[in-house]
Amino acid sequence: MPKLVVTNREGETSEIEVEDGLTVMEAVRDNGFDELLALCGGCCSCATCHIVIDDSSVTGLPEMSEDEDDLLESSDHRKEGSRLSCQIPLTAELDGLKVTIAPED
């Protein structure tokens, strides 16, 4: 099972194990990080699952779609490494991925 390292909005970091096939959003939500709202449930239609990938050299991330890019453009907190966590399926290649939950818009 891949591991995911999550930093919440207060700066506290936790490492969680993730079942194969889950998205980063599902893993974060299912492990008690209530601040990640994910209101659309992973349909790429709201941007309330905004995270920041902590290492820009990570390989294995899916390409950002035009829809994801458009939704992130609406965020006041977009920066390099910003992604919608619902659009990133966790794979063995992403084991140890480090993410930070973005501030709420």
Side-chain angles (χ1 to χ4, degrees):
M1 281 199 277
K3 289 185 174 40
L4 177 66
V5 180
V6 181
T7 302
N8 67 18
R9 291 185 180 136
E10 287 76 44
E12 300 164 344
T13 300
S14 302
E15 184 176 293
I16 57 177
E17 287 192 9
V18 181
E19 289 183 43
D20 291 332
L22 291 180
T23 63
V24 171
M25 181 270 297
E26 292 167 321
V28 171
R29 180 195 62 199
D30 294 350
N31 280 279
F33 294 89
D34 296 333
E35 61 209 40
L36 191 83
L37 298 178
L39 293 175
C40 75
C43 297
C44 194
S45 64
C46 72
T48 58
C49 68
H50 180 186
I51 58 164
V52 178
I53 306 293
D54 293 343
D55 181 0
S56 61
S57 68
V58 170
T59 60
L61 291 170
E63 294 270 336
M64 184 181 298
S65 70
E66 188 175 324
D67 288 340
E68 181 181 2
D69 189 45
D70 287 346
L71 286 167
L72 286 168
E73 278 300 315
S74 69
S75 173
D76 293 333
H77 304 288
R78 184 179 188 167
K79 57 183 171 179
E80 187 175 340
S82 284
R83 293 295 304 263
L84 297 183
S85 59
C86 68
Q87 298 302 296
I88 304 172
L90 282 163
T91 62
E93 189 176 7
L94 293 175
D95 185 35
L97 182 67
K98 295 177 182 177
V99 303
T100 299
I101 299 173
E104 189 172 8
D105 280 317

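On a predicted model such as this, the values are computed, not experimentally measured, just so you know. Below, all heavy atoms of this structure are taken into account, side chains as well, without hydrogens, waters or symmetry copies. Sequential numbering from 1 along the given sequence is applied to the chain's residues.
- Around atom CD of E10, more than 12 heavy atoms belonging to other residues, nucleotides or ligands sit under 6.0 Å away.
- Shown here are the side-chain contact (heavy atoms from CB on, under 4.5 Å) partners of V58, two or more places apart in sequence or in another chain: I53, D55, L61, L94, L97.
- How far CE of M25 is from SG of C44: 10.5 Å, rounded to the nearest 0.5 Å.
- Of all heavy-atom pairs spanning E26 and T23, the tightest one is OE1-N, 2.8 Å.
- R83 places no side-chain N or O within 3.5 Å of a backbone atom of H50 that could act as its donor or acceptor partner.
- Here L72 is tied into one hydrophobic group with M64, L71, L84, each link being a pair of ILVMFWY side chains closer than 4.5 Å.
- Shortest non-hydrogen contact noted between T48 and A38 is OG1-N, 3.2 Å.
- Rounded to the nearest 0.5 Å, atoms CD1 (I101) and CD (E12) are 10.5 Å apart.
- Here the shortest heavy-atom pairing between E35 and R9 reads OE2-N, 2.6 Å.
- Annotation: E66, atom CD; neighbour count of heavy atoms from other residues, nucleotides and ligands within 6.0 Å does not exceed 12.
- To the nearest 0.5 Å, atoms CG (L22) and CZ (R29) are separated by 8.5 Å.
- For I16 against A27, the heavy-atom pair with the smallest separation is CD1-O, 3.7 Å.
- Residues D20 and P2 are in side-chain contact: their nearest non-hydrogen atoms beyond the backbone lie under 4.5 Å apart.
- Two residues are said to be in side-chain contact when any heavy atoms from C-beta on lie closer than 4.5 Å; K3 and D95 meet this criterion.
- Listed here is the closest heavy atom pair of S45 and C40: OG-CB, 3.2 Å.
- Checking side-chain atoms of D76 against main-chain N and O of D105 turns up no donor-acceptor pair under 3.5 Å.
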Full working for side chain to side chain contact (heavy atoms under 4.5 Å, CB included) between T59 and E93: CA-CA 8 Å; T59 60; E93 189 176 7; 4.1 Å; yes
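- Other members of the hydrophobic cluster containing L39, listed by chain and number, are L37; membership follows side-chain contacts under 4.5 Å among ILVMFWY residues, whether direct or relayed.
- To the nearest 0.5 Å, atoms OG (S82) and NE2 (H77) are separated by 10.0 Å.
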Derivation of the side chain to side chain contact (heavy atoms under 4.5 Å, CB included) call for I51 and L36: CA-CA 9 Å; I51 58 164; L36 191 83; 4.2 Å; yes
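- At distances below 3.5 Å, at least one donor-acceptor pair connects side-chain atoms of S85 with backbone N or O atoms of C49.
- The nearest pair of heavy atoms linking F33 to N8 is CD2-CB, 4.3 Å.
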If you apply the rule side chain to side chain contact (heavy atoms under 4.5 Å, CB included), what do you find for E15 with V5, and how did you get there? CA-CA 4 Å; E15 184 176 293; V5 180; 4.1 Å; yes
